[in-house]
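Working notes for the structure below.
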Amino acid sequence: MRVGLVGLGMMGSAHLTNYEQMKQNNTGIELVAVCDVDAAKLGSSKATEGNLDVTKKQLDLSKYALYSDMEEMIKAENLDYVDLCLPTYLHAPLAIKAMEMGLHVFCEKPMARSSEQCTQMIDAAKRTGKKLMIGHTLRYWDSYMFAKDYVENGTFGKCLGAYFYRGGSTPVWSWDNWLLDDERSGGCLLDQHIHDVDTIVWLFGLPKSVSTSALNVIEGSGFDIVSTNYIYEDGKMVNAQDDWTINGGTYVFSMLFRMNFEKGALVFENGGLTVHPDGEKSYQPKFAGSNAYYDEIILFNKLLKGEENFDYIALLESHRDTIILAEAEVTSAKNKGALQEVKP
């Protein structure tokens, strides 16, 4: 599988690192071309750092064909798919363009800037027959997959409540500071909080309504602090919070969840998951230590090779539901937390 990477920012640097590991592991997946509009990135060996440890390394771009224009790259290279690690507002137009030019597409999260754009992407995938996958990585994270299994199988009975949090320092590393531009990124709510929004959709489906309190701290960046209550018809209590305004001398980031069931609880914090069965000793399950960023790309390639057969259109529709839910949160926040119905 011959791949062209579009975008060499923080996530692009992380994806490039994973493609190098895939080649070392003889997966049959080879990154052959890299595209970025920023000539300085293409001429540098320094990865764009952010909140991922995997980007903190030197890059050797000499082994790749380098481009500043995606269409030019697609025309010049014999590619199987493109991997889009671009600002959110570019996801829909460039994913659609790549599919129309005959390539499959792996696109970083969130799916798009709006649910309307998500629909356009889904329609393009159906029309062209090209496969499209969105990199919502928590769906491939050991601890989160463990929680998904407990919810689906009722291991501890009915889920009574769930709480999700992530937050940290303001992301000041993005090209042209696009992350702090609400029009292009959707702010903290659509860029960082969206991880937990997608997890909630994946675990529980769309809620009936939401109530969101949110605050803009950084001028022009949208909502920077978010707290949402998700109202489900079965009465479970679900809340998610995010805050990217911590600006100390060192970079700060944390993420956690707590899920309470009728017969136990799951708590993920400090990078580890603890299982708390009622009346029994708590324990930490042992995982293989896999890399979700790596695994999601491997799964996409298995889909392209016919080694996996799953309904990728349904998966895209689920990610569109994530954007629909986020849009309902924005509407509620703009109305000072008023209850907002979620309409698929």
Side-chain angles (χ1 to χ4, degrees), residues 1-24 27-48 50 54-55 57-113 117 120-121 124-125 127-135 173-176 178 184 293-294 296-305 312 316:
M1 303 299 292
R2 292 171 57 85
V3 186
L5 176 65
V6 187
L8 200 58
M10 186 266 289
M11 280 308 308
S13 297
H15 280 224
L16 189 147
T17 300
N18 281 303
Y19 281 116
E20 290 182 341
Q21 187 63 51
M22 289 172 199
K23 186 171 184 179
Q24 291 178 17
T27 61
I29 303 167
E30 183 176 7
L31 180 66
V32 297
V34 176
C35 176
D36 198 290
V37 296
D38 187 351
K41 287 178 183 171
L42 294 178
S44 172
S45 61
K46 180 176 174 54
T48 301
V54 288
T55 64
K57 61 170 288 183
Q58 295 294 106
L59 301 180
D60 178 9
L61 300 180
S62 65
K63 64 187 84 170
Y64 308 113
L66 304 179
Y67 297 88
S68 60
D69 181 88
M70 184 190 76
E71 291 185 47
E72 179 185 344
M73 179 184 72
I74 292 174
K75 291 175 181 177
E77 302 290 336
N78 181 28
L79 302 175
D80 293 293
Y81 74 90
V82 290
D83 183 329
L84 304 183
C85 294
L86 296 164
T88 303
Y89 72 103
L90 295 174
H91 287 183
L94 290 194
I96 292 169
K97 173 59 69 175
M99 286 187 283
E100 290 176 342
M101 293 182 73
L103 295 187
H104 305 292
V105 177
F106 185 93
C107 179
E108 254 304 325
K109 67 84 200 165
M111 187 171 179
R113 184 62 184 82
Q117 287 184 327
Q120 293 169 2
M121 294 167 77
R127 183 177 70 252
T128 63
K130 296 303 173 182
K131 294 179 174 61
L132 168 66
M133 185 167 162
I134 309 301
W173 57 78
S174 62
W175 168 79
D176 197 35
W178 72 269
R184 292 186 287 177
Y293 298 99
Y294 183 101
E296 63 186 358
I297 296 174
I298 292 291
L299 178 62
F300 179 61
N301 278 267
K302 287 182 176 180
L303 173 66
L304 299 186
K305 295 175 182 178
Y312 66 94
L316 292 174

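Throughout, residue positions are numbered sequentially from 1 according to the sequence presented. For the numbers below, each heavy atom of this structure counts, side chains included, while hydrogens, waters and symmetry mates do not.
- For H104 (side chain) and Y81 (main-chain N/O), no donor-acceptor pair under 3.5 Å exists by modelled atom type.
- With values rounded to the nearest 0.5 angstrom, K41 atom NZ is found 5.0 Å from D36 atom CG.
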**OP:** Would you sort out whether F106 and N301 count as a side chain to side chain contact (heavy atoms under 4.5 Å, CB included), showing the intermediate values?
**Re:** CA-CA 9 Å; F106 185 93; N301 278 267; over 6 Å; no

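- For S68 against V37, the heavy-atom pair with the smallest separation is O-CG1, 3.7 Å.
- Taking the side chain as every heavy atom from C-beta outward, V105 and K130 never approach each other to under 4.5 Å.
- The two atoms that bring A76 and Y67 nearest to each other are CB-OH, 3.4 Å, heavy atoms only.
- With hydrogens and angles disregarded, no donor-acceptor distance shorter than 3.5 Å links the side chain of H91 to the backbone of C107.
- Here the CD atom belonging to E108 is positioned 6.0 Å from the CD atom belonging to E296, to the nearest 0.5 angstrom.
- Separation of atoms SG (C35) and CD (E77) is listed at 11.0 Å; rounding is to 0.5 Å.
- The backbone N or O of W178 lies less than 3.5 Å from no partner atom in the side chain of D176, so there is not a single donor-acceptor pair.
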**OP:** Verify side chain to side chain contact (heavy atoms under 4.5 Å, CB included) between N78 and R2, making sure each step is shown before the conclusion.
**Re:** CA-CA 7 Å; N78 181 28; R2 292 171 57 85; 4.1 Å; yes

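- Annotation for G129 and Y312: closest pair O-OH, 4.4 Å, computed over non-hydrogen atoms.
- Here the side chains of K63 and E20 are in contact, with some heavy-atom distance below 4.5 Å.
- Between the side chain of K109 and the backbone N or O of I134 there is no donor-acceptor pair closer than 3.5 Å.
- Here the CE atom belonging to M111 is positioned 12.5 Å from the CE atom belonging to M133, to the nearest 0.5 angstrom.
- Residues M73 and V6 form a side-chain contact, since some pair of their non-hydrogen atoms from C-beta on lies under 4.5 Å apart.
- Between Y294 and T27, some side-chain heavy-atom pair lies under the 4.5 Å cut-off.
- For L8 against S13, the heavy-atom pair with the smallest separation is O-OG, 3.7 Å.
- Rounding to the nearest 0.5 Å gives a distance of 8.0 Å between CG of L94 and CD of E71.
- Between I29 and K305, the shortest heavy-atom distance links the atoms CG1-NZ, 4.4 Å.
- The heavy-atom pair separating L79 from G4 by the smallest distance is CD2-N, 3.8 Å.
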Original post:
Going through the checks in order, is the side chain to side chain contact (heavy atoms under 4.5 Å, CB included) test met by L316 and M121?
Top reply: CA-CA 9 Å; L316 292 174; M121 294 167 77; over 6 Å; no

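- A distance of 12.5 Å separates CG of L84 from CE of M11, quoted to the nearest 0.5 Å.
- The residues R127 and E100 are annotated as salt-bridged, a charged nitrogen and a carboxylate oxygen being separated by less than 4.0 angstrom.
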**OP:** List the steps and the verdict of side chain to side chain contact (heavy atoms under 4.5 Å, CB included) for F300 and D83.
**Re:** CA-CA 11 Å; F300 179 61; D83 183 329; over 6 Å; no

